[in-house]
Asker: 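Shown below is the structure under consideration.
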Amino acid sequence: MSTSCVNCPSLMGSEDFLALVVTPGEPFHKDWIICSRFGHVVGRKGEVKTDIAERLAASCPSFGEDAPSVIDVANLKLGVYTPDTDLLEVTDPTDRPASCYNCQKYDGSFNACAATGQIVFQGDSFRKANDCSFGLDGAPMSSVQDVLPGWDGPQVVFTTPVSVAPTKAPAKPTPALLAVIEPVDYTSDATVTQEHADKGVLAWRAVTTPRGRVHHLPIFRTDFVPEEHRHLIPSSSSEHGDPSLYVDHNGLLAEFAVQVYQKDLNLCLNGEPGAGKTEGVRYIAWQMNLPFRRLTYNEGSEMEQYLGLYQYGPYNKVDPDTGEVTEVIGTHLVPGLLPQAWVEMGITLSDEPNLAPEAIFQSYRSLNDSSRTLQVYNETFRRHDYQFHVMAINPHWDFRNIGAKPLAAADSRRLAFFWMADPSDDMKRSILTSSLAKLDGTVLDRAVLKAIMEAGKDLRQMAKDQLLPDFWTLSQEIKVARLVDDFGLEGAYRRAYFNYVDPQTTEQAMTAIRSHIPYGVDWS
């Protein structure tokens, strides 16, 4: 057997290659023949370049080994051929093309730049051309043989049948993305003493702060929660949303462990709509196996609903010293949503309380004091030992957050603030991929994923430039990803949001979106 990639079992076509990929990566040309171990592209359907196949095999430490069972494309350094340094001549900006596909240095045979040796991925030709200093407008070459003498050897027919990869990856769930450990099944990271077990602690979850300190959050037994409140405990099968889908990209769990659980500070989450404030607090409640309550405020919120109202009639009077309950008749306060939550175990999120009327918000000053007692009219409510409270607000200084009021000094000094940043690009890819796998059991096409990511940057900028009436958020992009299979990219964006806004705004957005639709793939 000659030492050539052609004779190595690790060489395969794109379809077989993609079937082994377990993490999102760049899209692959449907005709490529690829080394599954190192990502070298040594030919295309029906042909392999002999000299490259022999040169790579001669220096390959894994020649002759079977193909890997899984492939992580993040570890591959893809390349088509050795770049031609003679072509790395800086050109006049006025002579450069708008797209790699209109460049004299682009090799159409291998979808690559002959000057740099880089692959030109579908949908990325405009960005690459814009960032390139060596482009030269004109007809692309038909084969790299025109400029690289090392590629002029005889072509070798690739005898193993290579099927053409479909434009979409197989519609099936990725098992690695679906593994969920329910909190009640979590293996404790520390010993649960009898004292804590008597208080309902099932296990301890270790969380690490940015400076490496480790804190432990309790996971509570379900039977320790009053039966009438157990339906409020978030679950991965809950109809109110799956908290296991949340990706803690901000380290919110560690913030909560330090600020709320350990130091009993009043944590207030600040960030743009869609940054994950609400879902982040629901995620914490899930991790601790506690009931989750969300109190949502607006300018029309009524005191009677959130604080309570006085009524005349029979009620149970509790002796504050002995706890003895006596039924009496008279005027009494029927507690509203806030005092009801304050005296029960669980995690309560006060969502945008700075939108509420001042009379409601003033009540928060009492519960944010060191006494941790809520004063409603003439009544006092003491906080449950395992009642954890978090506030969430949108930036009042952003004009798009209509009605959001700045906090008074008496309120801001009582709070500790945490900024919920937008996820990084890598994290957004991970969230989109895992959400689609969990919600629909499908795998997002890599070219489409890249298009959604690039279009998202344009749409977020349009929102900042006041060209969109709302924020463009990751939750919108998840909707797009779920709809693209049936309606294409443009149709998915329209259904996710743009059928709502005015036609002129929609057309501006669609122009930006169309510029990122994968080249040669009918996803419009």
Side-chain angles (χ1 to χ4, degrees), residues 178-186 188 192 196-205 217-248 252-253 256-257 260-261 267 269 276-298 301-302 304-309 315-316 318 325 333-353 356 367 374 376 381-392 434-435 438-440 475 478:
L178 301 179
V180 176
I181 299 177
E182 295 292 347
V184 293
D185 298 324
Y186 188 82
S188 183
V192 178
H196 285 110
D198 293 341
K199 294 179 179 180
V201 177
L202 174 67
W204 294 104
R205 184 188 303 277
L217 276 177
I219 302 173
F220 289 90
R221 300 196 319 265
T222 302
D223 63 357
F224 193 74
V225 178
E227 187 174 358
E228 64 270 23
H229 299 150
R230 291 175 192 170
H231 69 285
L232 297 175
I233 300 176
S235 166
S236 59
S237 58
S238 171
E239 61 183 15
H240 303 295
D242 183 355
S244 70
L245 288 174
Y246 184 80
V247 178
D248 189 13
L252 180 58
L253 197 64
F256 180 91
V260 180
Y261 185 73
L267 181 60
L269 308 181
K277 300 186 293 293
T278 299
E279 292 309 311
V281 179
R282 190 195 308 275
Y283 168 78
I284 294 172
W286 175 64
Q287 293 277 36
M288 297 178 69
N289 201 42
L290 282 175
F292 171 72
R293 299 173 178 88
R294 179 189 181 192
L295 306 182
T296 305
Y297 292 97
N298 56 54
S301 297
E302 298 178 350
E304 291 81 0
Q305 179 185 8
Y306 288 92
L307 298 182
L309 75 161
Y315 70 100
N316 292 328
V318 181
V325 178
L333 178 69
V334 178
L337 296 175
L338 181 57
Q340 287 179 39
W342 199 240
V343 299
E344 299 290 349
M345 70 181 305
I347 296 180
T348 300
L349 171 67
S350 292
D351 199 355
E352 297 188 83
L367 65 84
L374 170 63
V376 178
F381 297 86
R382 299 189 183 280
R383 187 183 70 178
H384 191 285
D385 288 343
Y386 291 134
Q387 168 57 227
F388 305 101
H389 179 244
V390 179
M391 296 171 63
S434 60
S435 296
K438 186 69 181 291
L439 293 171
D440 299 331
S475 60
I478 292 174

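Side chains included, hydrogens not; waters and symmetry mates left out as well; all remaining heavy atoms used.
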Asker: Considering all heavy atoms of both residues, which atom of Pro234 and which atom of Leu290 are nearest to each other, and what is their separation?
Answerer: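 Closest pair (atom of Pro234, atom of Leu290, distance): CD-O, 3.3 Å.
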Asker: Using modelled atom types only, decide if a donor and an acceptor are shared between the side chain of Asp248 and the backbone of Leu253 within a distance under 3.5 Å.
Answerer: yes
Asker: Does any N or O in the side chain of Gln340 come within less than 3.5 Å of the main-chain N or O of Pro335, such that one atom is a donor and the other an acceptor?
Answerer: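 Indeed, once roles are kept as given, a pair shorter than 3.5 Å links the two residues.
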Asker: Over all heavy atoms of both residues, which pair between Met345 and Val225 is shortest? Give the atoms and the distance, please.
Answerer: SD-CA, 3.9 Å
Asker: Return the orientation label for the Tyr306 and Tyr297 ring planes: parallel under 30°, perpendicular over 60°, tilted otherwise.
Answerer: tilted
Asker: So, for Ala197 and Val192, which heavy atoms are closest and what is the spacing to 0.1 Å?
Answerer: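 Heavy atoms of Ala197 and Val192 come nearest at N-CG1, 4.0 Å.
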Asker: Does some side-chain heavy atom of Val281 sit less than 4.5 Å from a side-chain heavy atom of Leu269?
Answerer: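 Side chain of Leu269 against side chain of Val281, heavy atoms only: contact under 4.5 Å found.
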Asker: Does the plane of the ring in Phe224 sit parallel, tilted or perpendicular to the ring in Phe220? Use 30° and 60° as the thresholds.
Answerer: parallel
Asker: Do you know which two heavy atoms are closest between Phe381 and Trp342, and how far apart they sit?
Answerer: O-CD1, 3.4 Å
Asker: Whether the side chain of Gln387 engages the backbone of Ala341 through a donor-acceptor N/O pair (distance < 3.5 Å, no angle test) should be reported.
Answerer: yes
Asker: What do you reckon, is CD of Glu227 surrounded by more than 12 foreign heavy atoms closer than 6.0 Å?
Answerer: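 Count not over threshold, so no.
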Asker: Check whether the side chains of Tyr283 and Gln287 place a donor and an acceptor atom closer than 3.5 Å, and report yes or no.
Answerer: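 Side-chain D/A pair, Tyr283 to Gln287: present.
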Asker: Do the non-hydrogen side-chain atoms of Ile233 and Thr222 ever get within less than 4.5 Å of each other?
Answerer: yes
Asker: Side chains of Met288 and Pro218: closer than 4.5 Å at any heavy-atom pair?
Answerer: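 The answer is yes, as the side chains (C-beta and beyond) meet within the 4.5 Å cut-off.
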Asker: With a cut-off of 6.0 Å (strictly less than), are more than 12 heavy atoms of other residues, nucleotides or ligands near CZ of Arg382?
Answerer: no
Asker: Does Trp204 offer a backbone N or O that forms a donor-acceptor pair with the side chain of Tyr186 under 3.5 Å?
Answerer: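 Absent.
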